[in-house]
Participant: 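Sharing a structure with you now.
Just so we're clear, the structure is a prediction, and the values are computed from it rather than from any experiment.
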Amino acid sequence: MNFKTIIFKSIFFASLLLGIASCGDDDESPSVTGEANVRLLAVDVESNEIIIKNFGDASIDVSGFYICNLKSYAQLNTLTTEDLTLDPDETVSLDRTLDVNASDVALYFNNDGFASADNLADFMQYGADLGANGRIDVAVTKGIWTAGDFVEGNVEFDYTGNGSENGVSLWNTAGERGSSNVRIASVDPSTDGITLKNFGTASTDISAYQFCARKSYTALSSLTSEDLNLDPDEEITITFSINDHSSDVGLYSTGGDFTNADVMLDFIQYGDDIGVDGRVNVAVTKGIWSEGDYINGVGPYDYSGNGEENGLANWDVTEQGEANVRLFTVNPASDEVTLKNFGNASKDISSYWFCIRFSYNEVSTLSATSGNFILAPNEEITISVTVDDTSSDVGFYNTNSFASASAMDDFMQFGGSGIGRETVADTKGIWSAGDFVDSSGPFSYTGDGTTNGVSTWQ
C-alpha cells in the first residue's frame with residue numbers, strides 16, 4: 001500500500017463517519033419556515049367593521065397593509081389600536097366607514113400601486129358591480145374575482161372559504177339592510193298641517209326633503225326645529241302653508257328639479273284637479289297618481305294605505321262636505337254668466353246645463369273666459385253663453401231634464417215674468433211666479449248661497 005492509497009482511505013473513512021454523524025442529527029435540525037395568508041373574513045356594513053384573518057401557518061405584521069374601498073385608501077394601523085402582528089388563525093377587527101348601498105373592499109399588502117394585481121391580497125364587492133368606481137379590474141387580473149360579480153345585500157358578509165378559495169360563491173350575506181319609506185300620512189288645510197310617516201324598516205334623515213304645493217317649494221329643515229330623523233313607524237307633523245280649498249302636495253327627496261319623477265316620493269291633490277298649476281304630471285309619470293283625480297271634501301285628508309299603495313282610493317276625507325254651485329252674475333251685454341261654488345266641496349260642472357229662454361247648452365260645450373269646470377269651494381267660473389239683452393230667464397240644471405224641479409239647481413229672470421222655466425223654479429221654491437229683476441243689468445247675486453228669490457239679485 002503506497003502513501004496515496006493510505007491518504008485516500010483515510011479521507012474515505014473520515015467522510016463516512018461524518019455522514020453517519022450528520023444523519024444522526026436530523027431530528028434536531030430547524031423546520032422549514034411557514035407562510036402567512038391574510039384574507040378578508042367579514043364585512044359588516046351596519047357597524048362599519050372589516051375583519052381580516054391569517055389563514056397561514058406563520059405570523060405576519062399587517063400594520064403596513066391597506067384597505068381600499070371605492071378607491072379610498074387607509075393603512076391598517078390607522079383603523080385599529082389592536083396588535084397588528086397576526087399569528088396563524090388570528091383575526092383583527094378594523095373600523096372602516098362603508099357605503100350603505102354598494103362598495104368594493106380590497107386588501108393590499110402595501111401602497112406600492114393599487115392598480116397592481118401583485119399587491120392585492122384579497123377582494124370582494126357587495127350591493128352592485130362598481131366597475132371603474134372600484135378595484136374589481138385588479139381582482140379579475142389577479143384571478144380572485146369574476147367580472148360583474150357582487151354579493152347581494154348590503155348588511156353583513158362572511159367569507160366561508162378555507163383561505164385558498166376565491167370568488168363571490170364563498171361569501172354569505174345576512175340579507176338586505178332595512179329601507180326607509182316616508183309617505184304623506186295626513187293633510188289638514190285648515191291648520192296647514194302635513195303629517196309624514198316612515199312606513200319603512202330603517203331610520204332616515206328627512207331634513208333635505210322638500211314640500212311642493214302649487215309650485216311653491218320649501219325644505220323641511222326650514223319649517224321645523226324638531227328632530228327630522230324618522231325611525232320606522234314614526235310620524236311628524238310639519239306646518240306648511242297650503243290653500244284651504246284646493247292644492248297639490250308633493251313630497252320630494254331633494255330640491256332642484258321638481259319635474260323629476262325619480263325624486264318625487266309622494267303626492268296628493270285635493271279640492272280640484274289643479275293641473276299645470278301643480279305637479280300632478282310628475283306624479284302621473286311616477287305612477288303614484290292618476291290624471292284628473294283629486295280628494296273631494298273639506299278635510300283633513302288621511303292616507304289609509306300600508307305605505308306601498310298609491311292613488312286617490314287610499315285617501316279618506318274626515319268631512320266630506322257638499323258643493324253648492326249657484327248663479328253669481330248674469331251680464332246680457334257681454335253674454336256671460338258667472339257661477340260660484342258656495343259649498344265646502346268641489347264639483348265638476350262640465351255635464352251641467354243652461355236653459356235660457358228654452359235654449360239649451362251643456363256647460364262643457366261652452367267656453368270659459370275665466371276659471372275651469374271643476375269648481376273648488378269659493379271658486380268662480382265665467383262662461384260665454386248667449387243671453388237676450390232685454391228679457392230672459394237663466395236656469396242652471398244638473399241634468400238635461402228641464403221640466404224637473406230636482407234637476408234645477410238655480411234660476412233667475414229679468415226684464416219680465418213668465419219667461420222660460422219660471423214654473424219649474426216656482427215648484428222648486430227658489431223663485432216666485434211673476435217676479436223678475438227690473439233693471440238693465442248686469443245682474444249680481446247678493447245672497448250667501450242659501451238664500452233665493454228676486455230680493456237676492458240686484
Participant: Would you mind reporting whether K197 and D233 have side-chain heavy atoms less than 4.5 Å apart?
Facilitator: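 Yes. Closest side-chain heavy atoms under 4.5 Å.
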Participant: Quick one: pull up CD1 in I268 and OH in Y301 and give me the separation to the nearest 0.5 Å.
Facilitator: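 Taking CD1 in I268 and OH in Y301, the distance rounds to 7.5 Å.
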Participant: Are the side chain of D409 and the backbone N or O of Y397 linked by a donor-acceptor pair below 3.5 Å?
Facilitator: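 The answer is no, because no donor-acceptor pair under 3.5 Å joins these two groups.
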Participant: Would you compute the distance between atom CZ of R96 and atom OG1 of T80 and round it to the nearest 0.5 angstrom?
Facilitator: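 Interatomic distance, R96 CZ to T80 OG1, rounded to 0.5 Å: 13.5 Å.
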Participant: Should the ring pair Y217 and F258 be called parallel, tilted or perpendicular, given that the plane angle runs from 0 to 90° and is split at 30 and 60?
Facilitator: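 If you compare the ring of Y217 with that of F258, the planes turn out parallel.
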Participant: Got V454 and V437 here, is their nearest side-chain heavy-atom distance under 4.5 Å?
Facilitator: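 They are in side-chain contact.
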Participant: Decide yes or no on side-chain hydrogen bond (donor to acceptor under 3.5 Å, both in side chains) for T450 and D448, but give the supporting numbers first.
Facilitator: CA-CA 6 Å; T450 63; D448 60 5; 2.6 Å; yes
Participant: Distance only, no hydrogens: is a donor on one side chain within 3.5 Å (strictly under) of an acceptor on the other, for E235 and T195?
Facilitator: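 Absent: no donor and acceptor within the cut-off.
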Participant: Could you check if a side-chain atom of L84 sits within less than 4.5 angstrom of a side-chain atom of V92, using non-hydrogen atoms only?
Facilitator: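 Heavy-atom side-chain distance check passes, below 4.5 Å.
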Participant: Using side-chain hydrogen bond (donor to acceptor under 3.5 Å, both in side chains) as the criterion, list what pairs up with D277, not counting sequence neighbours.
Facilitator: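 Testing D277 for side-chain hydrogen bond (donor to acceptor under 3.5 Å, both in side chains), a comparison that skips the adjacent residues, returns none.
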Participant: Any donor-acceptor pair under 3.5 Å linking the side chain of D122 with the backbone of L107?
Facilitator: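 Such a contact is absent between D122 side chain and L107 backbone.
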Participant: Quick one: does F211's side chain get under 4.5 Å of L220's, heavy atoms only?
Facilitator: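 Yes - at least one pair of side-chain heavy atoms lies under 4.5 Å apart.
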Participant: What's the shortest heavy-atom distance between S351 and E362, and which atoms?
Facilitator: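 Shortest heavy-atom contact: CA-OE2, 3.4 Å.
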Participant: Just one of V325, N324, D272, L339 clears the side-chain contact (heavy atoms from CB on, under 4.5 Å) bar with K347, so which one?
Facilitator: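 So, applying the side-chain contact (heavy atoms from CB on, under 4.5 Å) to K347 and each of V325, N324, D272, L339, only V325 qualifies.
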Participant: Do R183 and N306 meet the criterion of a side-chain donor-acceptor pair at a distance under 3.5 Å?
Facilitator: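 Per modelled atom types, R183 and N306 side chains form no pair under 3.5 Å.
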Participant: In terms of side-chain heavy atoms, does D112 have a donor or acceptor partner in N119 at a distance below 3.5 Å?
Facilitator: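 No, no side-chain donor-acceptor contact under 3.5 Å.
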Participant: So, for F65 and Y108, is the gap between ring centers shorter than 6.0 Å?
Facilitator: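 Aromatic pair excluded; centres sit 6.0 Å or further apart.
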Participant: Nearest heavy-atom pair of P377 and G343: which atoms, and what distance?
Facilitator: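 Smallest heavy-atom distance, with atoms named: CB-O, 3.3 Å.
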Participant: Please check this pair: side chain of D248 against backbone of A213, looking for a donor-acceptor N/O pair closer than 3.5 Å.
Facilitator: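 Between the backbone of A213 and the side chain of D248 there is no qualifying donor-acceptor contact (under 3.5 Å).
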Participant: Given 3.5 Å as the limit, does a donor-acceptor pair link the side chain of N54 with the main chain of A58, or not?
Facilitator: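 The answer is yes, because a donor-acceptor pair under 3.5 Å joins these two groups.
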Participant: Ignoring hydrogens, what is the shortest heavy-atom contact between S216 and F240? Give both atom names and the distance.
Facilitator: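 Reported closest heavy-atom pair: O-CZ, 3.8 Å.
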Participant: Can you name the nearest heavy-atom pair linking I136 to F123, along with the distance?
Facilitator: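 Result for this residue pair: CA-CZ, 3.5 Å.
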Participant: Only one of T173, V155, V45 passes side-chain contact (heavy atoms from CB on, under 4.5 Å) with Y126; say which it is.
Facilitator: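 So the option named by the test is V45.
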Participant: With S103 as reference, evaluate D99, N101, V100 under the side-chain contact (heavy atoms from CB on, under 4.5 Å) test and give the passing residue.
Facilitator: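 The passing option is D99.
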Participant: Check whether Y303 reaches the backbone of E309 with its side chain - one donor and one acceptor, N or O, closer than 3.5 Å.
Facilitator: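 Yes; judged by distance alone, with no hydrogens or angles, the pair exists.
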Participant: Of the non-hydrogen atoms in H245 and A376, which two are nearest, and what is the gap between them?
Facilitator: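 Looks like O-CB, 4.3 Å.
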Participant: What distance separates D393 CG from R421 CZ, expressed to the nearest 0.5 Å?
Facilitator: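 Nearest 0.5 Å value for the CG-CZ distance: 8.5 Å.
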Participant: Does a donor on one side chain and an acceptor on the other come within less than 3.5 Å for R39 and N162?
Facilitator: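 Checked: R39/N162 side chains show no N/O donor-acceptor pair below 3.5 Å.
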Participant: Is there a side-chain hydrogen bond (donor to acceptor under 3.5 Å, both in side chains) between N243 and R214? Walk through the geometry before answering.
Facilitator: CA-CA 9 Å; N243 188 282; R214 285 186 173 268; 5.4 Å; no
Participant: Please round to the nearest 0.5 Å and tell me the distance separating atom CG of N110 and atom CG of L76.
Facilitator: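 It comes to 11.5 Å.
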Participant: Between V330 and W457, is there a side-chain heavy-atom distance shorter than 4.5 Å?
Facilitator: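 Heavy-atom side-chain distance check passes, below 4.5 Å.
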Participant: Would you call W145 and V168 a side-chain contact if the rule is heavy atoms closer than 4.5 Å?
Facilitator: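 Of all side-chain heavy-atom pairs linking V168 with W145, at least one is under 4.5 Å.
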Participant: Heavy-atom count check: over 12 atoms from other residues, nucleotides or ligands less than 6.0 Å from E322 CD?
Facilitator: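 It does not: E322 CD has 12 such atoms or fewer within range.
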Participant: If you define the side chain from C-beta out and look only at heavy atoms, does anything of F114 sit under 4.5 Å from V138?
Facilitator: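 When only atoms from C-beta onward are counted, V138 and F114 do not touch, as no gap falls below 4.5 Å.
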Participant: Could you check F354 against V337 for side chain to side chain contact (heavy atoms under 4.5 Å, CB included), going step by step and ending with a plain yes or no?
Facilitator: CA-CA 10 Å; F354 285 122; V337 175; 4.0 Å; yes
Participant: Got a donor-acceptor contact below 3.5 angstrom from the Q125 side chain to the L130 backbone?
Facilitator: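 Yes; at least one donor-acceptor contact below 3.5 Å.
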Participant: If you apply the rule side chain to side chain contact (heavy atoms under 4.5 Å, CB included), what do you find for R326 with K340, and how did you get there?
Facilitator: CA-CA 6 Å; R326 300 288 302 269; K340 179 177 179 178; 5.9 Å; no
Participant: Of L196, N198, L251, which meets side-chain contact (heavy atoms from CB on, under 4.5 Å) against I206?
Facilitator: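 Exactly one option meets the side-chain contact (heavy atoms from CB on, under 4.5 Å) with I206, and it is L196.
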Participant: Within the side chain of T446, is there an N or O that forms a donor-acceptor pair under 3.5 Å with the backbone of T456?
Facilitator: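 Side chain of T446 to backbone of T456: a pair is present.
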Participant: Between D335 and S384, do the side chains contain an N or O donor and an N or O acceptor separated by less than 3.5 Å?
Facilitator: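 Result is no, nothing qualifies.
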Participant: Please walk me through it: do V282 and F267 pass side chain to side chain contact (heavy atoms under 4.5 Å, CB included)?
Facilitator: CA-CA 9 Å; V282 184; F267 177 90; over 6 Å; no
Participant: So E49 and I51, do their side chains get closer than 4.5 Å, heavy atoms only?
Facilitator: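 With C-beta onward as the side chain, the pair touches.
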Participant: Any luck finding a side-chain donor-acceptor pair between S186 and D302 under 3.5 Å?
Facilitator: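 D302 and S186 do have a side-chain donor-acceptor pair below 3.5 Å.
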Participant: Between D410 and F396, is there a donor-acceptor pair closer than 3.5 Å when you use the side chain of the first and the backbone of the second?
Facilitator: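 Absent.
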Participant: Hey, is the main chain of G307 close enough, under 3.5 Å, to the side chain of N181 for a donor-acceptor pair?
Facilitator: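 The answer is yes, because a donor-acceptor pair under 3.5 Å joins these two groups.
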Participant: Begin with the C-alpha distance, continue with both residues' side-chain angles, and end with the deciding distance and a verdict on side-chain hydrogen bond (donor to acceptor under 3.5 Å, both in side chains) for T97 and N48.
Facilitator: CA-CA 5 Å; T97 300; N48 288 313; 4.8 Å; no
Participant: Which heavy-atom pair separates E46 from D44 by the least distance, and what is that distance?
Facilitator: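 Result for this residue pair: N-OD1, 3.1 Å.
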Participant: Atom CD1 of I242 and atom CG of D192: how far apart are they, to the nearest 0.5 Å?
Facilitator: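 CG of D192 is found 5.5 Å from CD1 of I242.
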Participant: Measure the CG-CG distance between N361 and L366 for me, rounded to the nearest 0.5 Å.
Facilitator: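 It comes to 4.5 Å.
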Participant: Students often mix this up, so state it plainly: with edges at 30° and 60°, are the rings of Y360 and F402 parallel, tilted or perpendicular?
Facilitator: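 The arrangement is parallel - the two ring planes meet at less than 30°.
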Participant: Run L41 and I52 through side chain to side chain contact (heavy atoms under 4.5 Å, CB included) and show every step you take.
Facilitator: CA-CA 5 Å; L41 182 66; I52 61 175; 5.9 Å; no
Participant: Under a plain distance cut-off of 3.5 Å, with no hydrogens placed, do T338 and T329 share a side-chain donor-acceptor pair?
Facilitator: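 T338 and T329 do have a side-chain donor-acceptor pair below 3.5 Å.
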Participant: When the side chains of residues 289-300 are checked against the rest of the protein, which donor-acceptor pairs come out under 3.5 Å, sequence neighbours left out?
Facilitator:
| unit_1 | atom_1 | unit_2 | atom_2 | d |
| --- | --- | --- | --- | --- |
| W289 | NE1 | D293 | O | 3.0 |
| N296 | OD1 | S346 | N | 2.6 |
| N296 | ND2 | S346 | O | 2.9 |

Participant: I'd like to know if the side chain of D129 reaches the main chain of D149, judged simply by a donor and an acceptor atom lying under 3.5 Å from each other, with no hydrogens or angles considered.
Facilitator: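 Pair absent, no side-chain N/O of D129 close to backbone of D149.
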